[in-house]
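To keep things clear, I will list the structure first and then write my remarks on it.
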Amino acid sequence: MKAFIWTLSVLFFLLMGIGHCRGGQFKIKKITQRRYPRATDGKEEAKKCSYTFLVPEQKITGPICVNTKGQDAGTIKDMITRMDLENLKDVLSRQKREIDVLQLVVDVDGNIVNEVVPQHIPNSHQSTPGLLGGNEIQRDPGYPRDVMPPPDLATSPTKSPFKIPPVTFINEGPFKDCQHAKEAGHSVSGIYMIKPENSNGPMQLWCENSLDPGGWTVIQKRTDGSVNFFRNWENYKKGFGNIDGEYWLGLQNIYMLSNQDNYKLLIELEDWSDKKVYAEYSSFRLEPESEFYRLRLGTYQGNAGDSMMWHNGKQFTTLDRDKDMYAGNCAHFHKGGWWYNACAHSNLNGVWYRGGHYRSKYQDGIFWAEYRGGSYSLRAVQMMIKPID
Ligand SMILES: [Ca+2]
């Protein structure tokens, strides 16, 4: 009996052992199938990719498949990977630049970039069309000067507070600045050819001689909102606008001018009740582009209040080059380019709003905080420089 029970026990363990082995083989088979489901089909395997890069169509059309199996797969994969990464980086950086430009356009709050020549230029004083020198300030080449009558200032809703038309163009020069031109006998306000010392070429700009004693070189002017000032770094560097209307002379030009001699700065502001005030700074110059045109100002005097000294020693900031003292980008909120601190007591390159007090999400008007506050947009502004007497 004992022998029988012992035999049964042996048979039972043998059967369990066989069953376990069969189960193990089955499990291994199942795992194998899951990992290599088409291991038996060699041709089909060769067609498949371990992974796929999708590259832009400009460079390579269609997806690139890389088979990581095979003798040279590693080398080929590395080569294609490097090539694709270079292509992708190239395309991404180009797209980023395009996005930045589009962002600039979008952030103008729907304002349409609309640059027109606001003033008629008499035929007798017509300037040479096209660009002169290293700035991009230009007139509208399609402006029909021989056909259009002079603007009726009495009915003009945005008449110039500076009463500048008709425009005079001085053919002589170039002069080193407007003071130089005045000393050469030219005492009228108008368009002059100016070439600062050490600059590459002459530029056209507006010389203001109506203010006693004249000789002022205008570096910035706002009068009627005809020019969009929400621009990128390159625009602010080179300059933009219309010489006989609103313009920004360009940081590089202002830098060249303000470093050839000792200059002072005069800012004239006009509100919507025809009141004019001014702020004058005893010295003015910009540092070079390598210092992002850092502002250097002397002491203030005037009746506008000092809204500029807070910006003294600050670098220039645009939407695409943030050099301000604020965590975000001040140009984004104030919609201009300026020597923003964190952020602005003055914003003379902001949005031109009609009527003074304006409604906006941010304080983005043309304001001088110490004069009418940040929520009042001035009607006209002029920034001018002149050698210290
Ligand atoms: Ca910032």
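Basis for what follows: all heavy atoms, side chains included, without hydrogens, waters or symmetry-related copies. Counting starts at 1 for both ligands and their atoms, following the listed order. Because the structure is predicted, anything quoted here is derived from the model rather than measured.
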Within the structure provided, determine whether Val351 and Phe229 are in side-chain contact (heavy-atom separation under 4.5 Å). no

Given O of Gly328 on one side and OD2 of Asp322 on the other, what angle do they make at the Ca ion (ligand 1), to 10°? 80°

Find, among atoms of Asp324 that are N, O or S, the one nearest to the Ca ion (ligand 1), and state its name. OD1

Would you check, one step at a time, whether the test side-chain hydrogen bond (donor to acceptor under 3.5 Å, both in side chains) holds for Thr317 with Gln315? CA-CA 6 Å; Thr317 285; Gln315 297 176 323; over 6 Å; no

Using a distance threshold of 3.0 Å, state whether an N, O or S atom of Asn329 lies below it from the Ca ion (ligand 1). no

Side-chain donor-acceptor pairs under 3.5 Å in residues 342-349, sequence neighbours left out?
residue, atom, partner, partner atom, Å
His345, ND1, Glu370, OE2, 3.3
Ser346, OG, Ser307, O, 2.9
Ser346, OG, Trp338, NE1, 3.2
Asn347, OD1, Tyr340, OH, 2.7
Asn347, ND2, His334, O, 3.0
Asn347, ND2, Gly365, O, 3.0
Asn349, OD1, Gln220, NE2, 2.9
Asn349, ND2, Gly337, O, 2.9

Measure the shortest side-chain to side-chain distance between Leu257 and Ile194 over non-hydrogen atoms and say whether it is less than 4.5 angstrom. yes

